[in-house]
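The block underneath contains the structure these notes are about, expressed in structure tokens.
We use all heavy atoms of the structure for the numbers below, so side chains are in, but hydrogens, waters and symmetry mates are not.
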Amino acid sequence: MIIDCHCHAGLGDGLTGPWDTAAPLHNYLHRCAAAGIRRSVVFSAFHSDYAKANREVARLVASRRDRLYGFAFVHAGRDRGRVRAMVREAVQEHGFVGIKVHRHDARITREVCEAAREFHLPLLYDIAGEVSVCELLAQQYPDVDFIIPHLGSFADDWGAQLALIDHLVRHPNMHADTAGVRRFDLLEQALRRAGAHKLLFGSDGPWLHPAVELSKLRLLRLPAQDEALVLGGNFMRLIGRINAWPAGWRGGSAMPGR
């Protein structure tokens, strides 16, 4: 099963560009179906109120449980003091399976990492080229699985992407997704040095075409077992240890909608 681990969904409220205005899924889902992509991870476009935006994404996920996984988007600065509550709602009430944070909003904090640790969630953090933070995250939170999108830089920062590969090699809990990576040789190098178990297929939909992004992975000509890991197996492994009801929370033992 092919899983796109990086797609935005719903309305933003910034109106400065597509990234904070609207992420409609209609055409994206048709493109996925034509390309054989069976499931997608969705999270909000940039928004001034991620609690509100996450609920909109939750409605989309609830309408397509057979097709969509949800990640909770949080603002590490503006949501300070309520990150844990936002993640709890996302996991326990909406069945979300991860957290998304972006350096464009604010640098990641302990509060975000500790929420990921408590609920055993993968944490997708767009570092926007600030690769050095990966060393700190890996050392301070070795029990949290981090996914660094765009191999470290959507801005095609070759130096940042090359540096990130070193972190993938050295740190068991560091992973990367392939969304928007334009330098094919760096994808090859990441796979050769870090291994197929460290990369996840992502498209950065709906703005990038999922079939175009998928074609890069196909052109790597990976062994079938390695390709299966990158295209979905790694993601399923990372969400396989979620603890929706950690000590101190009342409720059942299973996530809703799963």
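Taking the charged nitrogens against the carboxylate oxygens, R182 and D204 have no contact shorter than 4.0 Å, which rules out a salt bridge. Between E227 and R221 there is no salt bridge, since no side-chain nitrogen of the basic residue lies less than 4.0 Å from a carboxylate oxygen of the acidic one. A salt bridge links R241 with D145: the closest approach of a Lys/Arg side-chain nitrogen to an acidic carboxylate oxygen falls below 4.0 angstrom.
Linking Ile, Leu, Val, Met, Phe, Trp and Tyr whenever their side-chain heavy atoms come within less than 4.5 Å puts M236 and L200 in one cluster. Residues L217 and I165 fall within the same hydrophobic cluster, defined by Ile, Leu, Val, Met, Phe, Trp and Tyr side chains chained together at heavy-atom separations under 4.5 Å. In the hydrophobic cluster analysis, where Ile, Leu, Val, Met, Phe, Trp and Tyr join through side-chain heavy atoms closer than 4.5 angstrom, V212 is grouped apart from F184. Cluster annotation: V181 is connected to L162 through the hydrophobic network of ILVMFWY side chains, with a link wherever side-chain heavy atoms come within less than 4.5 Å.
By the 4.5 Å heavy-atom criterion applied to side chains, Y28 and D4 are counted as neighbours. Here the side chains of F146 and C134 are not in contact, with every heavy-atom distance at 4.5 Å or above. Counting only heavy atoms from C-beta outward, the side chains of L164 and M174 never approach each other to under 4.5 Å. By the 4.5 Å heavy-atom criterion applied to side chains, F96 and V61 are counted as neighbours. Within the 4.5 Å cutoff, the side chain of L124 has no heavy atoms near those of the V41 side chain. Residues E89 and M86 form no side-chain contact, since every pair of their non-hydrogen atoms from C-beta on lies 4.5 Å or further apart. At least one side-chain heavy atom of L191 sits less than 4.5 Å from a side-chain heavy atom of L199. Between C32 and R67, some side-chain heavy-atom pair lies under the 4.5 Å cut-off.
D20 places a side-chain N or O within 3.5 Å of a backbone atom of G17 that can act as its donor or acceptor partner. Without hydrogens or angle criteria, N54 side chain to A72 main chain gives no donor-acceptor distance under 3.5 Å. Between the side chain of K216 and the main chain of T178, a donor-acceptor pair closer than 3.5 Å is present. A side-chain donor-acceptor contact under 3.5 Å links E111 to the backbone of G81.
The heavy-atom pair separating V83 from A115 by the smallest distance is CG1-CB, 4.1 Å. What you find for L229 and A196 is that their closest heavy atoms are CB-O, 4.2 Å. Here the closest heavy-atom approach between residue L68 and residue R39 is recorded as O-NH2, 3.7 Å. Across A76 and V101, no two heavy atoms sit closer than the pair CB-CG1, 4.4 Å. The two residues V144 and C113 come nearest to each other via the heavy atoms CG2-O, 3.8 Å. Annotation for A190 and L151: closest pair CB-CD1, 4.3 Å, computed over non-hydrogen atoms.
Taking the ring centroids of H47 and F73, they lie at or beyond the 6.0 Å cut-off.
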Take H150 and Q161 through the test side chain to side chain donor-acceptor pair (under 3.5 Å) and record every step on the way to the result. CA-CA 8 Å; H150 317 303; Q161 292 173 328; over 6 Å; no
Can F43 and H8 be said to form a ring pair (Phe, Tyr, Trp, His ring centres under 6.0 Å), step by step? CA-CA 5 Å; F43 34 80; H8 298 266; 4.8 Å; yes
Given side chain to side chain contact (heavy atoms under 4.5 Å, CB included), test V97 with F71 step by step and report yes or no. CA-CA 6 Å; V97 296; F71 270 32; 3.7 Å; yes
Full working for side chain to side chain donor-acceptor pair (under 3.5 Å) between R117 and Y141: CA-CA 8 Å; R117 169 187 279 169; Y141 296 96; 5.4 Å; no
Checking R64 against D66 for the salt bridge (charged side-chain N to carboxylate O under 4.0 Å, His left out) test, could you report, in this order, the C-alpha distance in whole Å, the side-chain angles of both residues, the deciding distance, and whether it holds? CA-CA 5 Å; R64 293 297 307 270; D66 63 323; 3.3 Å; yes
Any chance you could lay out the side chain to side chain contact (heavy atoms under 4.5 Å, CB included) test for Y125 and V112, step after step, and finish with the verdict? CA-CA 10 Å; Y125 177 39; V112 175; over 6 Å; no
How far apart are the C-alpha atoms of I148 and L168, what are their side-chain angles, what is the distance that settles it, and do they pass the side chain to side chain contact (heavy atoms under 4.5 Å, CB included) test? CA-CA 10 Å; I148 309 301; L168 299 181; 5.8 Å; no
Pair E114, E118 - check side chain to side chain contact (heavy atoms under 4.5 Å, CB included), show working. CA-CA 6 Å; E114 286 164 8; E118 181 173 9; over 6 Å; no
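The aromatic rings of H171 and H167 sit parallel, their planes meeting at an angle under 30°, below the 60° perpendicular limit.
Crowding of Q225 atom CD: a count of heavy atoms from other residues, nucleotides or ligands under 6.0 Å not exceeding 12. Surrounding CZ of R38 are at most 12 heavy atoms belonging to other residues, nucleotides or ligands under 6.0 Å away.
Checked options P149, S40, P210, S203; the residue passing with H6 is P149 (criterion: side-chain contact (heavy atoms from CB on, under 4.5 Å)).
Annotation: cation-pi geometry not satisfied between R82 and Y50 (NZ/CZ under 6.0 angstrom from ring centroid, within 45° of ring axis).
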